[in-house]
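This report concerns only the one structure given below.
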Number of protein chains: 2
Amino acid sequence: MTTEETARTGAEPQAEQEHDVFAQLCPSREMFAELADKWSLLILMSLSACGPQRFSELQRGVGGVSRKMLTQSLRNLERSGLVLRTVFPETPPRVVYDLRPLGRELAELVAPLGHWTERRARQMLAAREEFDAAHPEGSR
Amino acid sequence: MTTEETARTGAEPQAEQEHDVFAQLCPSREMFAELADKWSLLILMSLSACGPQRFSELQRGVGGVSRKMLTQSLRNLERSGLVLRTVFPETPPRVVYDLRPLGRELAELVAPLGHWTERRARQMLAAREEFDAAHPEGSR
DNA sequence: CGGCATCCGCCAAGATACTG
DNA sequence: CAGTATCTTGGCGGATGCCG
């Protein structure tokens, strides 16, 4: 029996405080749900790839993100200890975001995911066309 | 200049058909956006950790997922060539989902992300409490 | 510049009931 | 069992405007 299976057949849901992303009400699931979204992952990847960046740099870097979503996602990442926000009290003010050790750890796991997607995108698109051709809408 | 930066300062957006998840309208971004969601990632992790599973097994395995979202996410994964859906024409019918090579590749990148979240959940929760304590709501 | 507040459309996602 | 169909709604996420 693997570690995963052990966790999921789990004896005590919280006796030893084991975390299990598969469990609906486990704290780790809540964290996972917050991290597992488009913008958060792209922000982590951008900070990891390009180093510390200002708000507007991030907005340009992560194509299509609105100021609102960027602010929200950054706030979440900051709140969870993944990202450090530094304000330089100049005029105009300058705000720089950077990865904290925890965030850098995560970013190094996320980056491969992005690269994989880029490498395999074409293949997945081809699979789609084939699938769509085989299922002319409304079969099944 | 890193590979990432090269891609993002990108000379030709589509000349060499380079894919860039940071670009809003790049196909790879579309794929990334579909994969980078809670349910899809958890399904991939479940299939990777526990092997081929039936619909209802998956629903039990991935805590809190509704039949609708499970169906939708599985359909997407199948459509993109990541997951294989096999119907055994019995009564009652049996449908088994399994990873295809492409999906297995991805799942092996995603699994570490889940494990990391479980390992660091406590730490992130602590960071949150500290953050929330330092920002008693409505500061800034 | 780097936000926060507000309004709002619209789609994701839950609940429920029905089918093969 | 493994879905599909329909309805409803919460909240994601965009647009805009104001502030420090």
Side-chain angles (χ1 to χ4, degrees), chain A residues 24-25 29-30 32-43 46-47 52-79 83-98 131 135-140, chain B residues 24-25 29-30 32-43 46-47 52-79 83-98 131-132 134-140:
Chain A
Q24 187 178 6
L25 32 60
R29 158 65 81 85
E30 185 192 345
F32 185 82
E34 282 210 12
L35 298 176
D37 94 289
K38 205 174 39 172
W39 299 132
S40 297
L41 295 184
L42 284 172
I43 289 168
S46 180
L47 288 175
Q53 288 165 80
R54 310 178 51 164
F55 186 85
S56 48
E57 289 178 317
L58 275 169
Q59 190 174 12
R60 272 188 301 278
V62 179
V65 69
S66 65
R67 270 179 303 176
K68 180 184 174 180
M69 291 316 295
L70 185 55
T71 301
Q72 259 185 35
S73 303
L74 281 170
R75 188 72 76 233
N76 260 330
L77 295 172
E78 185 194 2
R79 191 165 96 100
V83 161
L84 180 65
R85 177 182 183 266
T86 310
V87 183
F88 295 86
E90 314 165 356
T91 52
R94 197 163 56 97
V95 179
V96 173
Y97 292 89
D98 194 7
F131 182 92
H135 303 276
E137 104 226 40
S139 49
R140 268 179 194 166
Chain B
Q24 188 178 5
L25 32 62
R29 158 63 83 85
E30 186 192 345
F32 185 81
E34 282 210 12
L35 297 175
D37 94 289
K38 203 173 40 168
W39 299 131
S40 297
L41 296 184
L42 284 171
I43 289 170
S46 181
L47 288 175
Q53 287 166 80
R54 309 177 54 163
F55 186 85
S56 48
E57 290 178 316
L58 274 169
Q59 190 174 12
R60 270 188 301 279
V62 179
V65 69
S66 66
R67 270 176 303 177
K68 180 183 175 182
M69 291 316 296
L70 184 55
T71 301
Q72 259 185 36
S73 304
L74 281 170
R75 191 72 79 235
N76 261 331
L77 294 172
E78 185 194 3
R79 191 163 97 100
V83 160
L84 180 64
R85 175 181 185 267
T86 310
V87 182
F88 294 87
E90 314 166 353
T91 52
R94 199 162 55 97
V95 180
V96 173
Y97 293 91
D98 195 7
F131 182 91
D132 292 346
H135 303 277
E137 102 224 47
S139 49
R140 259 174 196 169

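A note on names: the letters A, B, ... follow the listed sequences, proteins ahead of strands, and every chain is numbered from 1. No experiment lies behind these values; they were computed from the predicted model shown.
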Residue B:R75, side-chain atoms from C-beta onward, closest of D:dT4, D:dG14, D:dC1: D:dT4
Using a strict cut-off of less than 4.0 Å between a Lys/Arg side-chain nitrogen and an Asp/Glu carboxylate oxygen, indicate whether B:R60 and B:E57 qualify as a salt bridge. no
Picking from C:dG14, D:dG20, D:dG3, which would you name as closest to the side chain of B:V95? D:dG3
Rounded to the nearest 0.5 Å, how far does CZ of A:F55 lie from CG of A:L58? 8.0 Å
Which nucleotide in the set C:dT6, C:dA15, C:dG2 lies at the smallest distance from any side-chain heavy atom of A:F55? C:dG2
Return the nearest nucleotide to the side chain of A:R54; candidates are C:dG3, D:dG13, C:dC1. C:dC1
Nearest of D:dA2, D:dG14, C:dG3 to any side-chain atom of A:K68? D:dG14
Just how far is it from atom OG1 of B:T71 to atom CD of B:Q59, taken to the nearest 0.5 Å? 8.5 Å
Working to the nearest 0.5 Å, report the span between CD of B:Q72 and OG of B:S40. 9.5 Å
Counting heavy atoms from C-beta on, name the nucleotide in D:dG14, D:dA2, C:dC1 closest to the side chain of A:M69. D:dG14
Using OP1 and OP2 only, check whether a side-chain N or O of A:S56 sits under 4.0 Å from C:dC1. no
Upstream residue (5' side of DNA chain D) when A:R67 and B:T71 are each assigned their closest nucleotide: B:T71
Has B:Y97 got a side-chain N or O lying under 4.0 Å from the OP1 or OP2 atom of D:dC1? no
